[in-house]
Amino acid sequence: MPDAPSRFPVGFLWGAATSAYQIEGSPLADGAGPSNWHVFAHTPGRTFRGQTADVACDHYRRWREDIALMRGLELNAYRFSVAWARVLPQGRGRINPAGLAFYGRLVDALLESGLAPSLTLHHWDLPAALEERGGWLNPDAAGWFADYASVVARALGDRVAMWATLNEPWVIMDAGYVHGVHAPGRRAPAEAPRVAHNLLRAHGAGVQALRAETARPVGIVLNIEPKLAATDDPADVAAAARADAYMNRWFLEGLLRGRYPEELRALFCAWPGFPAGDFDLIRAPIDWLGLNYYTRGVVRHDPTAPVPHAAHVRQSGSVYTDLGWEVWPRALTDTLLRLKQQTDLPLYITENGAAFPDPEVATADPLPDPLRVDYLRAHLLAAREAIGQGADLRGYFVWSLLDNCEWAAGYAKRFGIVHVDHATQRRTLKSSGAFYRDVIASDGATLTA
Ligand code: IFM
């Protein structure tokens with residue numbers, strides 16, 4: 001096996017990632033429309049302690065300060081998302097120039113600061129007006145998304161270094177329509193195939209729309225979680241294969257091969273007859289693939305669990321994050337190599353990071369967060385190992401720049417490499433931020449186990 005290189009490749013993107021809903025705040029400012037997440041979070045009982053992203057990290061007003069933070073971290077790239085309803089308050093039709101202008105200013109300032117803007121068009125916050133029309137269940141959603149993509153790309157075009165259509169479409173489907181813990185809060189597994197298909201059609205239509213407006217590389221961001229059987233009992237082995245088909249292969253094979261895993265049909269009481277032509281759209285050629293990697297899943301067969309009828313089994317001796325995710329860096333190497341076998345596309349780790357408990361008020365600067373430092377070190381080493389074994393990995397974006405609104409879990413789950421005191425909005429570097437800055441400064445040469 002070749003040795004891992006000591007440095008990351010020349011031109012490697014060192015970034016941090018965020019999303020609009022999670023950091024911006026001011027959701028209705030300057031003519032923006034509400035999103036489905038705004039509605040969901042304002043519905044009693046949906047989020048932890050009723051927390052909303054009305055203020056979040058106040059990034060909509062503090063973005064200059066946040067860019068200065070990124071410069072201090074020596075990042076050369078920043079991944080963010082656009083709030084669809086800021087740009088198109090009704091989701092389609094009338095454009096809100098003030099909303100577009102916000103992202104124009106942000107992109108210009110990033111470029112002036114030497115940060116490559118990596119823009120994701122949809123990171124879960126669908127305009128509420130479109131949710132009222134059926135959201136991702138409506139086959140028209142692909143056209144809505146393509147129109148939105150055209151509007152943003154026409155305004156920002158080649159100023160954006162790389163474009164992503166969707167972030168983690170699997171989560172939109174699974175958390176939003178199977179478990180009902182994310183917007184729109186539906187517990188209707190039978191709807192999942194149509195939602196997934198419409199998301200993938202939207203991606204394909206979005207790729208075509210972007211191509212018409214920009215020559216910059218276009219991709220998509222998937223969360224992939226390797227599934228392992230808890231025992232060698234054939235029922236558990238089958239559960240792991242089902243879970244892999246459901247969470248990983250559904251979207252990967254759809255995008256790369258234009259087909260869905262056969263196993264999925266048995267998981268749903270009815271499987272829609274999707275038109276063959278849709279798959280030509282879904283597999284529209286892309287230029288890069290984004291991997292969000294956090295953990296692996298060790299599972300056992302559980303017929304009482306919702307699709308895919310597989311329950312996670314806690315591993316004794318493992319470290320778990322504050323969200324209950326096992327820390328398992330080796331599977332990042334495996335996943336990058338698995339992707340290498342399936343595609344020649346350049347790969348980016350578009351999210352990787354961990355929620356660990358940090359105090360609400362920073363008591364030191366930098367604020368010690370040794371568990372997160374360990375997590376980042378181990379995963380960066382795993383990424384470097386994959387490069388040594390031939391993975392075409394072009395960049396790494398830590399999740400996340402700031403402690404932000406972790407969707408339905410609110411503000412208690414902290415992922416930032418920069419601490420945010422949500423009462424004062426004061427930002428304080430964490431040790432993980434300082435560690436990451438030093439790794440970047442040495443192109444990874446300072447990384448040791
Ligand atoms: O906060 C999320 C992000 O929005 C999408 N990927 C996973 C992160 C941690 O849960």
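Order of appearance sets the numbers: ligands from 1, and atoms from 1 within every ligand.
Residues R314 and E326 are not paired through a salt bridge, judged by the lack of any N-O separation under 4.0 Å between the basic side chain and the carboxylate.
Scanning for ring pair (Phe, Tyr, Trp, His ring centres under 6.0 Å) contacts around H38 gives H42, with sequence neighbours left out.
Judged by the 6.0 Å distance and 45° axis criteria, R86 is positioned over the aromatic ring of Y60.
Between D403 and the choices Q22, K413, R414, R427, the side chain to side chain donor-acceptor pair (under 3.5 Å) rule is met once, by R414. Of the residues W288, Y396, Y293, the one that meets the ring pair (Phe, Tyr, Trp, His ring centres under 6.0 Å) test with Y348 is W288.
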Check: every ligand 1 N/O to protein N/O pair under 3.5 Å:
residue, atom, partner, partner atom, Å
ligand 1, 1 (O), Q22, NE2, 2.9
ligand 1, 1 (O), W399, NE1, 3.4
ligand 1, 1 (O), E406, OE1, 2.6
ligand 1, 4 (O), Q22, OE1, 2.7
ligand 1, 4 (O), H123, NE2, 2.7
ligand 1, 4 (O), W407, NE1, 2.8
ligand 1, 6 (N), E168, OE1, 3.3
ligand 1, 6 (N), E168, OE2, 2.7
ligand 1, 6 (N), E351, OE1, 2.5
ligand 1, 10 (O), E406, OE2, 2.6

| task | Take D369 and S432 through the side-chain hydrogen bond (donor to acceptor under 3.5 Å, both in side chains) test and state the conclusion after the steps. | result | CA-CA 6 Å; D369 59 341; S432 55; 2.6 Å; yes

